[in-house]
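Written below as structure tokens is the structure these notes are about.
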2 protein chains.
Amino acid sequence: MTTFEKNFTTSEYQRRIDKTRAAMSGRGLDAIFVSDPSNMSWLTGYDGWSFYVFQGVVLTQEGEPVWWGRSMDAVGAQRTVFMDEEDSIRGYDDTYVQNPEKHPMEDLSKLLSELGLEKARIGVEMDNYYYSATAHEVLKKQLPKAGLQDATGLVNWQRAVKSEREIEYMQRAARIVEAMHAQILEVAEPGMRKNDLIAEIYATGIRGALGYWGDYPAIVPMAPSGLDATAPHLTWDDRPLEVGEATFFEIAGAHRRYQCPQSRTLFLGEVPQKYRDAEAAVLDAIEAGLEQAKPGNQAQDIANAFNATLKKGGFEKDSRCGYAIGISYPPDWGERTISFRRGDTTVLEPGMTFHFMPALWLDDGGLEITEPILITEDGHECFCTTPRELWVKA
Amino acid sequence: MTTFEKNFTTSEYQRRIDKTRAAMSGRGLDAIFVSDPSNMSWLTGYDGWSFYVFQGVVLTQEGEPVWWGRSMDAVGAQRTVFMDEEDSIRGYDDTYVQNPEKHPMEDLSKLLSELGLEKARIGVEMDNYYYSATAHEVLKKQLPKAGLQDATGLVNWQRAVKSEREIEYMQRAARIVEAMHAQILEVAEPGMRKNDLIAEIYATGIRGALGYWGDYPAIVPMAPSGLDATAPHLTWDDRPLEVGEATFFEIAGAHRRYQCPQSRTLFLGEVPQKYRDAEAAVLDAIEAGLEQAKPGNQAQDIANAFNATLKKGGFEKDSRCGYAIGISYPPDWGERTISFRRGDTTVLEPGMTFHFMPALWLDDGGLEITEPILITEDGHECFCTTPRELWVKA
């Protein structure tokens with residue numbers, strides 16, 4: 001049978017681990033327990049839809065990381081992680097799963113003790129997905145001599161600058177999201193049920209592009225029309241596309257868990273002047289923002305240039321206009337580190353990747369024209385070639 | 001334009017709230033803050049992919065529940081919740097989003113104070129998704145006089161017995177998952193890339209069936225083949241279907257967020273005797289389990305009957321063989337309350353709905369033949385009519 005292709009070389013994982021260990025040292029941490037599935041995957045290669053139960057990766061200053069999770073998922077770990085040693089994959093008994101009588105963290109605390117960490121300074125992701133308040137309390141109680149410290153974002157920040165292979169995966173995801181947008185433009189028409197259009201988007205995204213298979217996006221396709229588009233995160237139903245309404249498509253291509261989100265807006269029928277004005281203002285503001293997208297500048301420089309230009313065009317936006325992207329699992333395709341907004345002074349570096357996401361929500365609809373970008377040695381590249389404009393089908 | 005159809009009547013939401021308030025009283029709680037998206041939706045109708053930021057519903061013993069979340073999502077709340085009063089939807093400023101400098105729970109604590117709850121006994125979902133250890137610490141710090149208590153599962157348990165309308169939605173989801181399985185059987189063949197098959201599954205599920213539109217399942221379709229099928233939660237890639245391998249399809253139809261999961265297994269080529277033996281054992285054990293699926297029996301009765309019969313057939317299963325289902329959001333389509341396993345003494349009642357999920361993971365593959373069921377007045381009904389057998393395409 002065909003074998004499972006590992007996503008990265010062992011030496012790439014080793015570089016990531018080295019980088020993470022340096023950050024741990026900087027924070028005085030002997031170990032971290034990482035439960036964010038994106039961080040687990042980035043450190044070890046682990047991939048599976050098992051994050052609805054407690055699981056994580058333990059990384060100390062020596063040896064291989066240890067994958068820990070439900071016993072039945074240990075088999076999936078064996079098939080996806082880079083680690084060789086038998087002890088590097090540890091499963092807990094199924095009776096711990098969703099059982100009010102006992103908690104998986106009791107098992108984890110035993111493992112941490114076995115690893116000699118009962119008195120260690122251990123970083124945990126206190127403000128991340130899939131690590132609960134109870135998980136934290138149980139761990140504290142079981143390891144009273146350990147110093148549990150908040151390490152939310154510690155690994156996420158190590159992910160900011162992408163390797164060549166990671167960029168390649170994002171470029172493949174970019175080809176996929178281009179194909180998804182092309183399909184929308186091809187098939188969308190008045191009277192089409194929204195769910196039928198979503199089915200086309202999904203099918204195109206998962207078939208992939210140029211022979212690259214599509215993985216699941218970390219957020220489902222969003223495509224609200226008309227007034228629903230004033231609300232950014234409504235999902236679909238079966239109401240048909242109507243003439244005189246704008247629909248925005250906030251979608252991502254995905255390949256080997258790497259995400260390339262990009263949004264476009266389609267207007268059916270004659271475009272009101274307000275939408276043309278908004279389009280012009282957003283396109284100018286995107287250009288102004290992109291001019292600032294270069295190494296040495298700060299994240300906020302992009303937001304400030306974007307907002308100033310948008311204001312000149314007569315529009316305002318009070319939410320952030322971009323965020324870091326890369327490998328991701330539901331519920332979010334952002335890396336939850338750098339934001340394009342006033343006050344974010346992170347200095348841009350070559351290899352950083354962002355979704356420049358200047359969405360405008362108007363009083364009767366939404367306009368999203370966005371660009372996933374890569375910071376290069378001397379500026380930036382847009383990942384996609386999707387035409388940057390308000391789409392219209394008359 | 002077509003208006004958004006509310007999923008349930010206001011009086012149905014009121015009944016749910018009454019039931020929840022009684023449970024709160026029983027636990028001595030003045031209020032609860034519910035952050036599980038399924039619980040938020042069940043109590044208020046709120047629907048949107050916004051659970052990647054902090055949000056929730058505050059329910060006290062009086063008046064309407066209060067939806068609280070990111071300002072931009074307040075618009076989505078206006079379009080989906082049943083509440084009428086302006087004060088029942090409260091948004092927080094976008095600068096709170098994923099910003100290490102401040103935490104959304106600071107805003108929530110102000111709201112709770114405004115609602116007169118600064119000294120109240122407030123239940124929070126400490127061991128649920130989308131409520132973090134930091135969220136809990138910030139809330140404790142901001143409301144030092146409040147008594148925060150763990151109310152994990154409090155609302156989930158109220159959801160166990162379904163209303164007629166809920167059952168109707170699950171029946172629609174059942175039609176959809178039947179259509180998904182029929183499509184698999186129609187198109188799967190040796191050489192087909194797995195991702196192309198997943199694209200068909202998604203498209204069929206979202207197009208829906210009998211005119212009922214398909215919503216997104218709370219878990220992506222899982223369809224591992226051969227050795228990968230020994231690991232239950234691996235997602236797809238592009239390796240082709242091969243002769244001599246079994247592939248299990250763990251998928252769900254969904255309608256208005258109600259989930260109807262059902263699994264089947266497809267063998268391409270000549271079936272080894274081991275799979276035939278496993279099939280026979282599982283089918284017998286399912287029959288034995290279903291005989292126990294009636295009001296008055298306990299959840300564990302189904303598991304015990306299933307396991308005893310399976311053992312007679314020469315197989316063992318050490319994980320639970322079923323769980324409650326209904327409305328759900330990622331990352332899990334289970335309700336996380338009742339499990340079919342030894343020790344679960346929950347008494348079955350008419351209107352309860354389960355995924356009877358007796359999956360077997362063999363040493364070289366997996367066999368899943370499962371049934372979503374409804375407990376009726378005098379026994380049970382299977383939601384689906386999908387033929388209960390190992391599928392074979394030669």
Side-chain angles (χ1 to χ4, degrees), chain A residues 1-2 4 47-52 72-73 75-76 79 94 97-98 100 126-128 130-136 150 152-153 193 195-196 198-199 202-203 206-208 213-214 216 219-220 222 226-228 230-235 237-239 242 245 318-320 330-332 336 339 361, chain B residues 1-2 4 47-52 72-73 75-76 79 94 97-98 100 126-129 131-136 150 152-153 193 195-196 198-199 202-203 206-208 213-214 216 219-220 222 226-228 230-235 237-239 242 245 318-320 330-332 336 339 361:
Chain A
M1 58 163 280
T2 341
F4 208 87
D47 186 24
W49 188 290
S50 54
F51 38 87
Y52 65 94
M72 67 165 69
D73 294 319
V75 189
R79 299 186 67 70
D94 208 70
V97 174
Q98 298 175 4
M126 285 183 61
D127 206 20
N128 210 329
Y130 312 121
Y131 181 80
S132 72
T134 297
H136 191 60
D150 187 15
T152 304
R193 295 190 311 168
N195 61 308
D196 288 332
I198 297 284
Y202 254 120
I206 291 168
R207 283 191 195 108
W213 60 278
Y216 60 93
I219 303 181
V220 294
M222 276 182 282
L227 268 182
D228 281 346
T230 59
H233 299 121
L234 289 181
T235 52
D237 58 18
D238 61 349
R239 280 171 296 161
E242 292 189 18
E245 281 188 349
D318 62 0
S319 51
R320 63 180 181 165
D332 191 7
R336 304 188 305 286
S339 290
W361 291 285
Chain B
M1 59 163 277
T2 340
F4 207 87
D47 186 26
W49 188 291
S50 53
F51 38 88
Y52 65 93
M72 67 165 69
D73 295 318
V75 189
R79 298 187 65 71
D94 208 69
V97 175
Q98 298 175 3
M126 287 182 61
D127 205 20
N128 210 329
Y129 307 120
Y131 181 81
S132 72
T134 297
H136 190 60
D150 186 15
T152 303
R193 295 190 310 168
N195 61 308
D196 288 332
I198 297 285
Y202 255 120
I206 291 168
R207 285 192 192 109
W213 61 277
Y216 60 91
I219 303 180
V220 295
M222 278 183 282
L227 268 182
D228 281 346
T230 59
H233 299 120
L234 289 181
T235 52
D237 59 17
D238 62 349
R239 279 171 296 160
E242 292 189 18
E245 280 187 349
D318 63 0
S319 52
R320 62 180 181 165
D332 191 6
R336 305 187 304 286
S339 290
W361 290 286

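Quantities reported herein were computed from a predicted structural model and do not represent experimental measurements. Hydrogens, waters and symmetry mates are skipped; everything else that's a heavy atom, side chains included, is used. Letters go in sequence order (proteins before strands), and every chain restarts at 1.
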Looking only at B/Pro232, B/Pro330, B/Ser50, B/Ser339, most heavy-atom pairs under 4.5 Å shared with chain A are made by B/Pro232

Honestly, the part of A/Tyr130 sitting under 4.5 Å from a heavy atom of chain B is side chain

With chain B, the option among A/Asn195, A/Thr152, A/Val75, A/Ile198 that has the most non-hydrogen atom pairs under 4.5 Å is A/Asn195

Assert top hit (heavy-atom pairs under 4.5 Å, partner chain B, pool A/Ala133, A/Gly214, A/Gly76) equals A/Ala133

Honestly, the part of B/Arg320 sitting under 4.5 Å from a heavy atom of chain A is both

Looking only at B/Arg336, B/Arg207, B/Arg193, most heavy-atom pairs under 4.5 Å shared with chain A are made by B/Arg207

Rounded to the nearest 0.5 Å, the CZ atom of A/Arg79 sits from the OG1 atom of B/Thr230 at a distance of 6.0 Å

Self-check item: Side-chain (B/Trp213) to main-chain (A/Arg239) donor-acceptor, under 3.5 angstrom
Solution: no

Applying a strict 4.5 Å limit to non-hydrogen atoms, the region of A/Asp150 in contact with chain B is side chain

By salt bridge (Lys or Arg N to Asp or Glu O under 4.0 Å), A/Asp94 pairs with (sequence neighbours left out) A/Arg70

Turns out that what part of B/Tyr216 lies under 4.5 Å from chain A's heavy atoms comes down to both

Checked B/Tyr131, B/Tyr202, B/Phe51 vs chain A; the most non-hydrogen pairs under 4.5 Å come from B/Tyr202

Most contact-rich option vs chain B, by heavy-atom pairs under 4.5 angstrom, among A/Gly153, A/Ser132, A/Gly48, is A/Ser132

B/Tyr52 meets the ring-ring contact (aromatic ring centres under 6.0 Å, His included) criterion, sequence neighbours left out, with A/His233

